[in-house]
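Structure, as structure tokens:
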Amino acid sequence: MAQESLEGRTDEDDGLPETCLSFELRGEWGHFRRVEGNIVKQTYRIIPRTTVAGLVAAMLGLDRDSYYEAFSQNVSAVAVEPIDELRAINMPMNTLSTAKEHMTTMPSRGHARISMPDPSELRQQHNYEVLVEPAYRVDLQLANDDLRNRLQDRLRDGTSYYPPSLGLSEHLAEVTYLGEFEVTPHERETTDVDSAVLEAVDSVELTPETEVKVERSPAFMTADEGGRTTTAFQSIAYATGAEPLRVHDVKTHEVDGRRVMFS
């Protein structure tokens, strides 16, 4: 099966479609590494927009660093809703270095080759902050008709080119297709938002009953000579218990009877 590439594709539509594809992501574990350096490898609680793009690209078998334009701001929109309590634990892991100079490729010639670290080397222990049983609903709009149709086929059939994962390859994801839904925009108002709240942290109504946390994660990337560069981050507010948040003066969209915020 040949790997597919976005190279040479063009977006015939300037705007977004009036519908979105919705699917659920679940797994036993997840780790979306925060960009800040730390001895403990911390994780974002909400799957970053860039990770959603990478997961979809993996399902479609797109080339590495080839898909960033298809998920850029004017031709895609993503809403993420946590659907279960968000909790994490610290998990020490013994790892081998996967730096290029420490990898061995077998056999040395031919197309069917694999690279692996030398198992005789000493392990290094790292502390990972790992999400426990993370679960999200993703609503995704794509202007690229071909890409959207191929993703819908994959979701309907329950197939994927590469195994979908929640951050790290060992944290496999279960993907469930929920359907295609109309996206109805609403003017700015005070309303309960089911998805994560984007770029409106100060507008969230706080209550003693609901724990609200905020994080700032990568949203968009572009390919460059070094591979890829993050071009924009976004501030996200969410309830740790996955409840809707009351938000003042925000523009939302209605999807399947829910209020969500797209970025």
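Note that these values count all heavy atoms, side chains included, but never hydrogens, waters or copies made by symmetry.
- Taken from CE in Met103 to OG in Ser115, the straight-line distance is 5.0 Å, to the nearest 0.5 Å.
- Looking only at side-chain heavy atoms (C-beta outward), Arg49 and Ser217 stay at 4.5 Å or farther from each other.
- The pair Arg259-Asp194 does not count as a salt bridge, with every side-chain nitrogen at least 4.0 angstrom from each carboxylate oxygen.
- A single hydrophobic cluster is seen to contain both Leu151 and Val78, as judged by linkage of ILVMFWY side chains at heavy-atom distances under 4.5 Å, directly or through other members.
- Both the sub-6.0 Å distance and the 45° axial angle are satisfied by Arg137 relative to the ring of Phe181.
- For residues 169-178, the side chain to side chain donor-acceptor pair (under 3.5 Å) pairs, not counting sequence neighbours, are Gln152-Tyr177.
- In this structure, Ala70 and Val75 approach most closely via the heavy-atom pair O-CG2, 3.6 Å.
- In this structure a side-chain-to-backbone donor-acceptor pair under 3.5 Å is present from Thr43 to Phe32.
- Counting heavy atoms from C-beta outward, Leu140 and Cys20 have side chains that stay 4.5 Å or more apart.
- For the side chain to side chain contact (heavy atoms under 4.5 Å, CB included) test with Thr231, the passing option among Thr50, Asp224, Thr222 is Thr222; the others fail.
- The shortest heavy-atom contact between Pro117 and Ser97 is CB-O, 3.4 Å.
- You'll find the side chain of Arg154 stays beyond 4.5 Å of the side chain of Val56, heavy atoms only.
- No path of Ile, Leu, Val, Met, Phe, Trp and Tyr side chains, each step under 4.5 Å between heavy atoms, connects Ile47 with Phe220, placing them in separate hydrophobic clusters.
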task: Go through the steps for Trp29 and Ile89 under the test side chain to side chain contact (heavy atoms under 4.5 Å, CB included), then give the verdict.
output: CA-CA 10 Å; Trp29 308 99; Ile89 62 172; 3.8 Å; yes
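- Within 6.0 Å of CG in Asp202 there are 12 or fewer heavy atoms belonging to other residues, nucleotides or ligands.
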Practice task
Begin from the C-alpha positions of Glu215 and Lys213 and carry the test salt bridge (charged side-chain N to carboxylate O under 4.0 Å, His left out) through to its verdict.
Solution key: CA-CA 7 Å; Glu215 60 190 23; Lys213 290 192 174 182; over 6 Å; no
Less than 3.5 Å apart, which donor and acceptor atoms pair up between the side chains of residues 237-247 and the rest of the protein, not counting sequence neighbours?
residue : atom : partner : partner atom : Å
Thr240  : OG1  : Glu211  : OE1          : 2.9
Glu243  : OE1  : Gly241  : N            : 3.4
Arg246  : NH1  : Asp192  : OD1          : 3.3

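- By the 6.0 Å contact criterion, CD on Glu189 is enclosed, its count of non-hydrogen atoms from other residues, nucleotides or ligands being greater than 12.
- Of the inter-residue distances, the one linking Thr104 atom OG1 with Ile114 atom CD1 reads 10.5 Å to the nearest 0.5 angstrom.
- Glu180 places no side-chain N or O within donor-acceptor distance of the main-chain N or O of Leu21, the cut-off being under 3.5 Å.
- When each of Lys41, Arg33, Arg45 is checked for a salt bridge (Lys or Arg N to Asp or Glu O under 4.0 Å) with Glu129, only Arg45 meets the rule.
- Atom CD of Gln125 is surrounded by more than 12 heavy atoms from other residues, nucleotides or ligands within 6.0 Å.
- In terms of heavy-atom proximity, Gly15 sits nearest to Ala143 at O-CB, 3.3 Å.
- Annotation: the span from Asp139 atom CG to Thr19 atom OG1 amounts to 11.0 Å, rounded to 0.5 Å.
- At distances below 3.5 Å, not a single donor-acceptor pair connects side-chain atoms of Arg34 with backbone N or O atoms of Tyr44.
- For the pair Thr252 (side chain) and Met261 (backbone), a donor-acceptor distance under 3.5 Å is absent.
- Salt bridge Asp145/Arg148: present, at least one basic N to carboxylate O contact under 4.0 Å.
- Think of Val201 as one node in a network of Ile, Leu, Val, Met, Phe, Trp and Tyr side chains linked at under 4.5 Å; its network also takes in Val214.
- In the hydrophobic cluster analysis, where Ile, Leu, Val, Met, Phe, Trp and Tyr join through side-chain heavy atoms closer than 4.5 angstrom, Leu172 is grouped apart from Met59.
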**Study point:** Trace of the side-chain hydrogen bond (donor to acceptor under 3.5 Å, both in side chains) decision for Thr190 with His248
**Key:** CA-CA 4 Å; Thr190 297; His248 297 276; 3.3 Å; yes
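- Side-chain contact between Leu168 and Tyr128 is present, with at least one heavy-atom pair separated by less than 4.5 Å.
- Considering CD of Glu81 and CZ of Arg258, their distance stands at 4.5 Å, rounded to 0.5 Å.
- Contact of the Phe71 side chain with the Asn144 side chain is not registered, since no non-hydrogen atoms from C-beta on lie closer than 4.5 Å.
- Glu199 CD: more than 12 foreign heavy atoms inside a 6.0 Å radius.
- Other residues, nucleotides and ligands place no more than 12 heavy atoms under 6.0 Å from the CD atom of Glu18.
- Proximity of a side-chain donor or acceptor of Asp118 to a complementary backbone N or O of Ser120 within less than 3.5 Å is detected.
- A distance of 3.5 Å separates CD1 in Ile83 from CD in Glu24, rounded to the nearest 0.5 Å.
- Taking 4.5 Å as the limit, every side-chain heavy atom of Leu55 sits out of range of all side-chain heavy atoms of Val138.
- Under the 4.5 angstrom side-chain criterion for Ile, Leu, Val, Met, Phe, Trp and Tyr, Leu122 has no cluster partners at all.
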Test Ile236 against Val197 for side chain to side chain contact (heavy atoms under 4.5 Å, CB included), laying out the working first.
CA-CA 6 Å; Ile236 299 173; Val197 175; over 6 Å; no
Report the C-alpha separation of Leu86 and Ile46 in whole Å, then their side-chain angles, then the decisive distance to 0.1 Å, and conclude whether the side chain to side chain contact (heavy atoms under 4.5 Å, CB included) test is met.
CA-CA 8 Å; Leu86 293 164; Ile46 303 295; 3.8 Å; yes
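- The shortest non-hydrogen separation linking Pro82 to Ala196 is CD-N, 4.2 Å.
- Considering every non-hydrogen atom in both Pro218 and Val35, the closest pair reads CG-CG1, 4.2 Å.
- Leu198 and Val260 fall into different hydrophobic clusters, where Ile, Leu, Val, Met, Phe, Trp and Tyr side chains are chained together by heavy-atom contacts under 4.5 Å.
- Hydrophobic clustering, with ILVMFWY side chains joined whenever heavy atoms are under 4.5 angstrom apart, keeps Met93 apart from Leu166.
- Looking at heavy atoms from C-beta onward, Val255 lies in side-chain contact with Ser22 at the 4.5 angstrom threshold.
- A distance-only check finds a donor-acceptor pair linking the side chain of Ser160 to the backbone of Tyr162 [under 3.5 Å].
- Partners of Phe262 according to the ring pair (Phe, Tyr, Trp, His ring centres under 6.0 Å) rule, which considers only residues two or more places apart in sequence or in another chain, are His253.
- Between Tyr67 and Leu147 there is no side-chain heavy-atom pair separated by less than 4.5 Å.
- Applying the 4.5 Å side-chain rule to ILVMFWY residues, one finds that Leu96 remains a lone member of its cluster.
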Could you go through Glu133 and Arg87, starting from their C-alpha distance and side-chain angles, then the distance that decides it, and tell me whether this counts as side chain to side chain contact (heavy atoms under 4.5 Å, CB included)?
CA-CA 8 Å; Glu133 297 181 338; Arg87 60 192 181 96; 4.3 Å; yes
